[in-house]
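What follows is a single structure, written as structure tokens, with notes after it.
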Amino acid sequence: MAAITLDNVGKTYAGGTRALSGMSIDIAPGEFVVLVGPSGCGKSTLLRMIAGLETVTEGTIRIGERVVNTVEPADRNIAMVFQNYALYPHMTVRQNLAYGLKNRGTPRDEIDRRVAEAAQILEIGPYLDRKPRQLSGGQRQRVAMGRAIVREPAAFLFDEPLSNLDAKLRVTMRSEIRQLQRRLGTTSVYVTHDQVEAMTLADRLVVLNAGRIEQIGTPLQVYRHPATTFVAGFIGAPAMNLLPAQIADGQLHLAGAAVAPMTRAGGPVTLGIRPEDLRRDPAGPIRMRLRHVEELGHARLLHGQIGDSAAVCTVTDTAPPDPEIRLSIDPGQCHLFDAQTGARLTGA
Amino acid sequence: MVENRPLLTFLAHGALILGVIVVAFPVYLALIASTHPVSAFSSGVIPLLPGREMAANYATMLGQGISTAGAPPLWGLLGNSLVMALAIALGKIAISITSAFAIVYFRFPLRNLAFWAIFITLMLPVEVRIVPTFKVVADLGMLNSYAGLTIPLIASATATFLFRQVFLTIPDELLEAARIDGAGPLRFFRDILLPLSRTNIAALFVILFIYGWNQYLWPLLITTDERFYTIVAAIKRMAETADAEPYWNLIMASAVLAMLPPVLVVIAMQRLFVKGLIETEK
């Protein structure tokens, strides 16, 4: 168990392409940190830099007290779980688990003990003598985690480990990973593009976009106080509505109607409001023209248009929706962002 | 795909049977010819039914050879051919799997140039460069030696290219996982790449063994000492007798014996061979 400290880490490829810049993250010992962002935001690159599979061109990475910028992956005392499992196809499960230990010259009986222990934790004991191709996706994923566990490393690095599993198994494995990490108390860095996975697993989230950190915080902090319009739109499903609005005369104006009292300096802002915070209200000031309805069972998503912007509203009643819906909002649930920079306006 | 068209089935089977006949008939002729006394050929008609001299003919070839035609006993020839075919097959596999390893997994200056230089040797089989190669081998004093028989045939690119393609299909994550597991390049090569290319190595071995066994022009050129004759080249020497009828029965017996080892290799490695050609289990 060790802290991982990233100090102003950046990566520029040989061609001059800048993949990452200004990554400063302090990961406490035993913490579960999830790097989340859309494809191409640099989250996997960052993870691979921590693992030592990509070179670091700026800044320093520390695992524990040691700067590891130029240390070989094998000597960083980390273990990695890959998206496609990366199990050695010609080796049995047992050999897969033991390979890293064998290469380090761990004594035979110690290897056997650790393999047995990992097999017991992950309930893969019955498969120890099978080849990976004889296992299902979920079992392979467990073996991949087993390979990480037997090493008893300072940190686990997960690179989208659940992306190849079907939806149901993903939910099960998600909670298993969480419980396992709690139980072992090993510092973990987990990369995913799935914000539900990120929210449910993380002690802290790092939201990345276009090679930069947008926000670092606990899942609730990030959900309740998104720092930018990007984070606001990325975290939460369905996504937060982001609508152009005006503040004037102590009122927030949306699509020409005063919708909530707002004591701020006037000017254009971006209003962020979650779909579940748009309340249906026959006397409400907001008019939404309905486009279509998505049925979820426990709720419905009403897709429509407020002014010129698309908007989504979650409702739980089953009344047939009208072509035009009246909505109201609570000022306490409004997120205000700078209309130009997208940064959160403080005090909102 | 399930089809049920009797005419099509009939035609397909007909074509296949015809093909088998075309390939198998000469082999049958050789086999039959090797069972007759030499007198059976003087009429100019090749017999089509087995004769009674089979045991005698094979015993002659394996035991004494045909001294008048300059053919030593076949054991020696078969041994030489075996050494040559094995050396070529194993040598080629060893040299090409290591060069493919270098080309795929290491970044070094002029890597692409190295690859294309190796690739271009595909256009230069021994037959094309035979005169300069002979000169080099002669100058190095390798005429009438196993080294001279095999080394010029080992150096070529076919197999490098094949292994490169195999390695490219092995996912990068496997290399990365191995790196994290503490496997250096050589250990990765031995523990991961070699086992994963096992079927390809087997398929290639079969092909190269037959290639080496069937070498004709090169051994004919560089061996003048009968201790280094290979069987394929020697059969040709047996047939060119100056003023006597060739011993067709004995020559055919030699030909049948020469066919056996490649057949045995194919049969022994058939399963791996087919796997290596069709399977992509990665």
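Protein chains get the first letters and strands the later ones, always in sequence-line order, with residue 1 at the start of each.
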Can a salt bridge be assigned to the pair A:Arg151 and B:Asp181 using a cut-off of 4.0 Å between side-chain N and carboxylate O? yes
Is NZ or CZ of A:Arg147 both nearer than 6.0 Å to the six-membered ring centre of A:Tyr88 and within 45° of the ring axis? yes
Quick check on A:Arg48 against chain B: is it the side chain, the backbone, both or neither that has a heavy atom closer than 4.5 Å? side chain
Is chain B contacted by the side chain of A:Glu72, its backbone, both, or neither, given a heavy-atom distance below 4.5 Å? side chain
Which class fits the ring pair B:Phe188 and B:Tyr105: parallel under 30°, tilted 30 to 60°, perpendicular over 60°? perpendicular
Region of B:Asp172 that comes under 4.5 Å of a non-hydrogen atom in chain A: neither
Rounded to the nearest 0.5 Å, how far does CD of A:Glu54 lie from OG of A:Ser44? 9.5 Å
Tell me, side chain or backbone of A:Ala79 under 4.5 Å from chain B's heavy atoms, or both, or neither? backbone
Residues which pass salt bridge (charged side-chain N to carboxylate O under 4.0 Å, His left out) with A:Arg114, listed by chain and number, not counting sequence neighbours: A:Glu110, A:Glu152
Given that the side chain runs from C-beta out, which part of A:Leu101 has a heavy atom under 4.5 Å from chain B: side chain, backbone, both or neither? neither
